[in-house]
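Report on the structure given below.
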Amino acid sequence: SCLGSGDPEIEALAKDIGRQPYQALAAIEQVLGQTDLTIERRTWLEAARAQAKRMLGQEKTELPLALEAAQVLPADHPALLHLQIANLYGGGLRASVDETLDRLLPQLALLPVNQPTSLCLKIRLASVMADIEALNGETFELASNAYRNADNESLAWMRAEAASVLGQIALRTDGDYGRALSEEALRYFEAQQMHDMVANELYMSAFSWWRQRDSQSLKNAEQLFRRSAEAAQRADNPFGEAYAEAGLCGVLEQQGRVAEALQSCRASLPKLKGIWHITEYSTNVNYAAALLANKEPGQAMVILESLAKDWPGWDVGYHGYRYYFIRGQTYAALGHYEAAVSDLNVALSELLEFGDNSWARNNRLIQARFRVEQLVQSLERKTLEAVEKDRRHRLLMVSGVIVTLLLSIIVMMLLRHRRFYRQMAFTDPLTGLANRRYTEARAQEAFAHAKARQQPLFVALLDLDRFKTCNDHYGHDAGDEALKCFAKMADKVLRPGDVFGRWGGEEFLLVLQGVDRDETNSILERLRSAAAAERLKLAPDYPLHFSAGVAGLQHDTEQLAELLTLADQALYQAKEAGRNRSYFAKDYAVLN
Ligand SMILES: Nc1nc2c(ncn2[C@@H]2O[C@H](COP(=O)(O)OP(=O)(O)OP(=O)(O)O)[C@@H](O)[C@H]2O)c(=O)[nH]1
């Protein structure tokens with residue numbers, strides 16, 4: 001660090017700031033502790049202290065007091081001007097920067113161009129303006145003026161400082177020129193063993209490579225950040241070390257070297273705490289990015305959320321872009337696509353706004369913009385896909401339910417139809433009794449069962465008497481009524497297990513199992529008297545009488561047909577004998 005005070009003791013202390021800022025600061029503070037200092041000397045020492053603290057990233061809390069005390073000096077006193085410049089950096093309010101610059105610049109213009117004081121003030125001011133991103137023609141002119149005019153051997157230190165600051169400014173637009181200047185400064189600082197200045201120079205150079213973001217530049221940046229950390233360590237400056245490690249964290253993260261990035265972030269963050277906010281903030285964002293890359297989006301979100309809470313208002317400009325860009329991706333990794341898209345859009349708008357300044361020319365911004373836009377698009381696609389998938393899923397479910405319902409209805413209808421057709425196939429449509437086919441099947445079953453067990457079985461053919469006359473006198477409908485009435489009556493009188501069905505015309509078949517001859521006869525008589533009691537609406541004078549021919553199962557009966565023939569013969573006999581009676585076929589040897 002140069003001051004240009006002309007005081008060898010103060011200049012020696014100032015030079016030590018570039019070597020070991022901590023020790024230099026302690027020495028300066030020791031001298032400042034003396035009570036018999038003149039106000040001029042005190043002001044120079046305060047300017048040196050401010051510079052040392054700047055190198056160490058410390059707050060300059062005593063600056064306002066020192067500035068007040070220095071007011072007794074003439075307004076253009078270089079020590080006072082130094083303090084005012086120091087106050088611009090970090091401590092000075094942004095709003096008052098322009099005002100201070102308006103006051104300082106004309107005064108600097110009045111100073112002789114090649115005097116150490118004049119050179120140092122210009123270098124210091126250009127450096128502060130570069131740090132606060134006030135990069136304009138004046139800044140460049142201040143630095144290049146100092147660089148051009150520090151052209152003799154005795155001003156080598158100032159020339160190196162000027163080269164450093166001018167390099168810093170040039171690196172933003174012209175990398176090659178910037179780096180050539182930076183190397184010139186580096187050579188001097190290394191030769192002078194000004195480790196802290198070396199660390200700073202390497203850092204600035206590394207940073208300029210980092211900005212280019214291509215893989216070779218990132219490698220260069222990584223190497224320079226490492227060298228910067230080593231130099232800071234030699235200078236005994238943990239702040240400088242943390243600063244370089246923070247840079248390393250970002251570069252490694254960008255290179256996808258996640259584990260190393262996490263290590264650098266974790267090493268630098270505790271040392272940065274409370275020292276230099278912007279670096280702490282951006283390193284936290286880089287740390288979150290590395291955690292995200294390490295598939296720890298939950299952890300990344302914890303950091304991002306605490307940043308939003310503890311550092312409100314920092315999410316603007318480039319930092320805002322980075323913050324929302326990383327948080328958007330973290331949201332996406334956590335599956336919150338809508339929040340992700342919204343964050344990425346904020347990132348984009350920050351980027352576009354931020355792109356309005358001179359950095360917009362840097363293609364890095366354009367690349368970043370494309371990346372954000374690509375991500376937003378892919379996330380929007382993902383959201384749409386998720387919605388579409390959900391819709392398809394629901395559609396599938398609804399159609400599944402509909403298909404199942406339709407199938408059940410069809411199955412139900414088929415079952416009903418089957419039942420209906422089955423019934424149709426087995427039932428006599430007029431009387432609702434079993435039809436001949438079904439009656440015969442059931443009779444066969446009963447016959448086989450009784451024969452196998454040698455149990456009694458009686459087969460009776462029942463025929464309504466003089467049915468033709470009913471038809472003839474009262475009409476066919478009356479005949480139908482008689483048949484239905486007979487069927488209904490029989491259904492009531494007989495037991496559910498008895499086989500009873502329409503055999504054809506006015507003829508019915510009754511099969512009784514497990515009952516003997518007498519019981520069969522009495523069942524038939526029960527039927528007879530119940531039928532006789534019926535009165536037909538359409539044929540009131542037609543008596544519902546029937547004749548029955550009955551045959552019983554014998555030991556030697558082989559077929560049901562034999563019994564049916566016998567029953568038919570017996571029926572004939574019953575008719576012959578005068579009707580309205582039951583006749584049993586030869587009943588010897590009937591199973592009783
Ligand atoms: N209304 C009606 N008549 C039927 C049905 N099936 C057969 N018939 C009639 O029933 C009559 C049976 O007459 P016949 O065989 O001479 O016997 P019947 O008049 O009862 O005389 P017997 O048996 O000797 O007492 C015929 O005229 C058939 O047309 C039917 O489903 N409905």
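Atoms considered below: every heavy atom in the structure, side chains included; atoms not considered: hydrogens, waters and symmetry mates. These numbers were taken from a predicted model, which means no experiment stands behind them. Just follow the structure's listing: the first ligand is 1, and inside any ligand the first atom is 1.
- Under the 4.0 Å criterion applied to side-chain N and carboxylate O atoms, Lys488 and Asp491 are not assigned as salt-bridge partners.
- In this comparison of Lys468, Arg466, Glu506, the heavy atom closest to atom 15 (O) of ligand 1 sits on Glu506.
- Scanning all protein heavy atoms for the shortest distance to atom 22 (P) of ligand 1 gives Lys575 NZ, 3.4 Å.
- Within 6.0 Å of atom CZ in Arg579, more than 12 heavy atoms from other residues, nucleotides or ligands are found, so the atom counts as buried in its surroundings.
- Checked by distance only, ligand 1 and Leu483 stay at 3.5 Å or farther apart across all their nitrogen or oxygen atoms.
- When heavy-atom distances to ligand 1 are checked against a 4.0 Å cut-off, Arg502 comes that close only through its side chain, counted from C-beta outward.
- For atom 26 (C) of ligand 1, the nearest protein heavy atom lies 4.0 Å away or farther.
- For the residue pair Ser217 and Asp214, a side-chain donor N or O sits within less than 3.5 Å of a side-chain acceptor on the partner.
- Atoms of ligand 1 found under 4.0 Å from any heavy atom of Gly505 (numbered from 1 in listed order, with element): 6 (N), 7 (C).
- Below 3.5 Å of separation, one finds no N or O of Asp465 facing any N or O of ligand 1.
- Considering backbone and side-chain N/O of Leu430, none are found under 3.5 Å from N/O of ligand 1.
- Here Lys309 does not pair with Glu305 in a salt bridge; the nearest charged N to carboxylate O distance is not below 4.0 Å.
- Atom numbering of ligand 1 starts at 1 in the shown order; those under 4.0 Å from a heavy atom of Asp463 are 23 (O).
- For ligand 1, the polar-atom distance check finds no N/O of Thr469 at less than 3.5 Å from any of the ligand's N/O atoms.
- Here Glu385 does not pair with Arg381 in a salt bridge; the nearest charged N to carboxylate O distance is not below 4.0 Å.
- What you find for Glu253 and Ala261 is that their closest heavy atoms are N-CB, 3.6 Å.
- Of all the atoms in ligand 1, the ones that sit under 4.0 Å from a non-hydrogen atom of Leu464 are 20 (O), 23 (O), 25 (O).
- Counting non-hydrogen atoms of other residues, nucleotides and ligands closer than 6.0 Å to CZ of Arg581 gives a total above 12.
- Comment: Arg257 engages Glu222 in a salt bridge, judged by a side-chain N to carboxylate O separation of less than 4.0 angstrom.
- For atom 24 (O) of ligand 1, the nearest protein heavy atom (residue, atom name, distance) is Arg579 NH2, 3.0 Å.
- Distance alone, capped at 3.5 Å, is enough to place a donor-acceptor pair between the Ser208 side chain and the Ser205 backbone.
- Among all protein heavy atoms, the one lying closest to atom 11 (C) of ligand 1 is Phe467 CD2, 3.8 Å.
- Close contacts of ligand 1 with Gly479, meaning ligand atoms under 4.0 Å from a residue heavy atom, involve 1 (N).
- Distance from atom 32 (N) of ligand 1 to its nearest protein heavy atom, with residue and atom name: Asp480 OD1, 2.8 Å.
- The closest donor-acceptor contact from the side chain of Ser547 to the backbone of Asp463 lies at 3.5 Å or more, if one exists at all.
- Taking every non-hydrogen atom of Asn471 and a distance limit under 4.0 Å, the qualifying atoms of ligand 1 come out as 1 (N), 2 (C), 3 (N), 4 (C), 8 (N), 9 (C), 10 (O).
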